[in-house]
K.L.:
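The following block contains the structure, expressed as structure tokens.
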Amino acid sequence: MGKKDGGLRPCIDYRTLNSQTVKLPYPLPLVPAALEELRGARIFTKVDLRSAYNLVRIREGDEWKTAFITPAGHYEYRVMPYGLANSPSVFQGFMNKVFQEFLHCFVIVYIDDILIYSRNLAEHRHRVKQVL
């Protein structure tokens, strides 16, 4: 599959693997509950992580499950690729663990999007530094 810059992107069919995967029922945040947290906030910063899934290491020994073959050889992912059934749940759990102390105080995390919110600018500057 082509990229905007003309390069190639692998397109791997994980339907068979996904059909045999035990689904992880980790809940994604509910939008109405998240909106309720924002009550009173006046300043917002949104951070959108790029290639964030690729920051999560696949459990050692499970790399073979992501194997694919090309004319150039046999490859296995060491980090979580897109397309696996549990990718969103695993990543949401990872992000919630990373930002645990800030969640429901001044941070909302939805998969790879981080929203920092505050009532005033001085408080917001401090919170953004904490998150970064």
Side-chain angles (χ1 to χ4, degrees):
M1 186 185 294
K3 292 181 175 180
K4 291 179 184 177
D5 66 3
L8 295 177
R9 171 182 303 133
C11 184
I12 303 158
D13 184 0
Y14 287 120
R15 286 181 287 191
T16 303
L17 177 60
N18 287 339
S19 71
Q20 297 175 19
T21 299
V22 176
K23 305 303 185 274
L24 179 63
Y26 196 91
L28 295 177
L30 298 173
V31 174
L35 291 175
E36 186 63 32
E37 285 184 42
L38 301 177
R39 191 175 301 248
R42 300 203 182 278
I43 301 173
F44 305 91
T45 296
K46 180 183 174 278
V47 179
D48 187 3
L49 302 178
R50 297 185 68 165
S51 301
Y53 280 42
N54 300 119
L55 300 175
V56 179
R57 176 75 163 88
I58 289 178
R59 182 179 11 199
E60 199 166 332
D62 283 347
E63 298 90 350
W64 65 271
K65 295 176 183 177
T66 65
F68 61 96
I69 298 172
T70 72
H74 173 94
Y75 298 92
E76 297 175 355
Y77 277 95
R78 290 188 180 170
V79 294
M80 187 168 36
Y82 293 98
L84 294 180
N86 286 335
S87 293
S89 298
V90 167
F91 193 74
Q92 183 69 48
F94 172 73
M95 293 296 286
N96 285 353
K97 186 175 180 180
V98 169
F99 292 104
Q100 182 177 11
E101 64 183 294
F102 306 138
L103 288 177
H104 311 297
C105 297
F106 58 89
V107 170
I108 296 173
V109 175
Y110 190 86
I111 305 180
D112 63 348
D113 294 317
I114 304 165
L115 182 67
I116 307 162
Y117 55 93
S118 307
R119 294 179 187 265
N120 62 61
L121 189 56
E123 178 182 69
H124 193 69
R125 285 185 179 138
H126 177 69
R127 289 177 172 181
V128 169
K129 286 179 185 178
Q130 283 181 287
V131 168
L132 296 177

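Keep in mind it's a predicted model, so treat the numbers as computed, not measured.
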K.L.:
I need the L115 CG to Y110 OH distance, nearest 0.5 Å.
P.N.:
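Output value for this atom pair is 14.0 Å.
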
K.L.:
Taking all non-hydrogen atoms of both residues, which atom of P81 and which atom of S87 are closest, and how far apart?
P.N.:
O-OG, 3.3 Å

K.L.:
Roughly how far, to the nearest 0.5 Å, is CZ of R125 from CG of L121?
P.N.:
4.0 Å

K.L.:
So for atom NZ, which belongs to K23, do other residues, nucleotides or ligands contribute more than 12 heavy atoms lying within a distance under 6.0 Å?
P.N.:
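Counting neighbours around NZ of K23, more than 12 heavy atoms of other residues, nucleotides or ligands fall under 6.0 Å, so yes.
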
K.L.:
Check the hydrophobic clustering (I, L, V, M, F, W, Y; side-chain heavy atoms under 4.5 Å; chains of links allowed) and say if V131 and V98 are grouped together.
P.N.:
yes

K.L.:
Please check if M95 and I108 belong to a single hydrophobic cluster, counting links between Ile, Leu, Val, Met, Phe, Trp and Tyr side chain heavy atoms closer than 4.5 Å.
P.N.:
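No, no single cluster joins them.
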
K.L.:
Are side-chain heavy atoms of Q130 and F106 found at a separation under 4.5 Å?
P.N.:
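Heavy-atom side-chain distance check passes, below 4.5 Å.
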
K.L.:
Sequence neighbours excluded, which residues qualify as side chain to side chain contact (heavy atoms under 4.5 Å, CB included) partners of Q92?
P.N.:
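Per chain and number, Q92 pairs via side chain to side chain contact (heavy atoms under 4.5 Å, CB included) with Y26, L28, P29, N96, V109, I111.
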
K.L.:
Do F102 and L132 share a hydrophobic cluster, counting only Ile, Leu, Val, Met, Phe, Trp and Tyr and linking them when any side-chain heavy atoms are less than 4.5 Å apart?
P.N.:
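The answer is yes; both residues are in one hydrophobic cluster.
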
K.L.:
Could you please spell out the steps behind the side-chain contact (heavy atoms from CB on, under 4.5 Å) verdict for E37 and Y117?
P.N.:
CA-CA 9 Å; E37 285 184 42; Y117 55 93; 2.9 Å; yes

K.L.:
Ignoring hydrogens and angles, write down the donor-acceptor pairs under 3.5 Å from the side chains of residues 64-75, residues two or more places apart or on other chains.
P.N.:
unit_1: W64; atom_1: NE1; unit_2: G61; atom_2: O; d: 3.2
unit_1: T66; atom_1: OG1; unit_2: E63; atom_2: O; d: 2.8
unit_1: T66; atom_1: OG1; unit_2: Y77; atom_2: N; d: 2.9
unit_1: T70; atom_1: OG1; unit_2: A72; atom_2: N; d: 3.1
unit_1: T70; atom_1: OG1; unit_2: G73; atom_2: N; d: 3.4
unit_1: T70; atom_1: OG1; unit_2: G73; atom_2: O; d: 3.4
unit_1: H74; atom_1: NE2; unit_2: E76; atom_2: OE2; d: 3.3

K.L.:
Between the side chain of T21 and the main-chain N/O of L17, is any donor-acceptor distance below 3.5 Å?
P.N.:
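Yes; judged by distance alone, with no hydrogens or angles, the pair exists.
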
K.L.:
Do V90 and L84 come within less than 4.5 Å of each other through their side chains, counting heavy atoms only?
P.N.:
no

K.L.:
Is there a path of hydrophobic side-chain contacts, each under 4.5 Å between heavy atoms of I, L, V, M, F, W or Y residues, that connects V56 with Y82?
P.N.:
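In one cluster: yes.
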
K.L.:
Looking at R57 and R78, would you say the former's side chain and the latter's main chain have a donor-acceptor pair under 3.5 Å?
P.N.:
yes

K.L.:
So how far is it from C105 SG to R127 CZ, rounded to the nearest 0.5 Å?
P.N.:
8.0 Å

K.L.:
When you measure from the side chain of N86 to the backbone N and O of S89, does any donor-acceptor pair fall under 3.5 Å?
P.N.:
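No, the answer is negative, given that no donor and acceptor are paired below the 3.5 Å cut-off.
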
K.L.:
Cut-off 3.5 Å, no hydrogens considered: what does the side-chain donor-acceptor table look like for residues 43-50, sequence neighbours left out?
P.N.:
unit_1: T45; atom_1: OG1; unit_2: H124; atom_2: NE2; d: 2.6

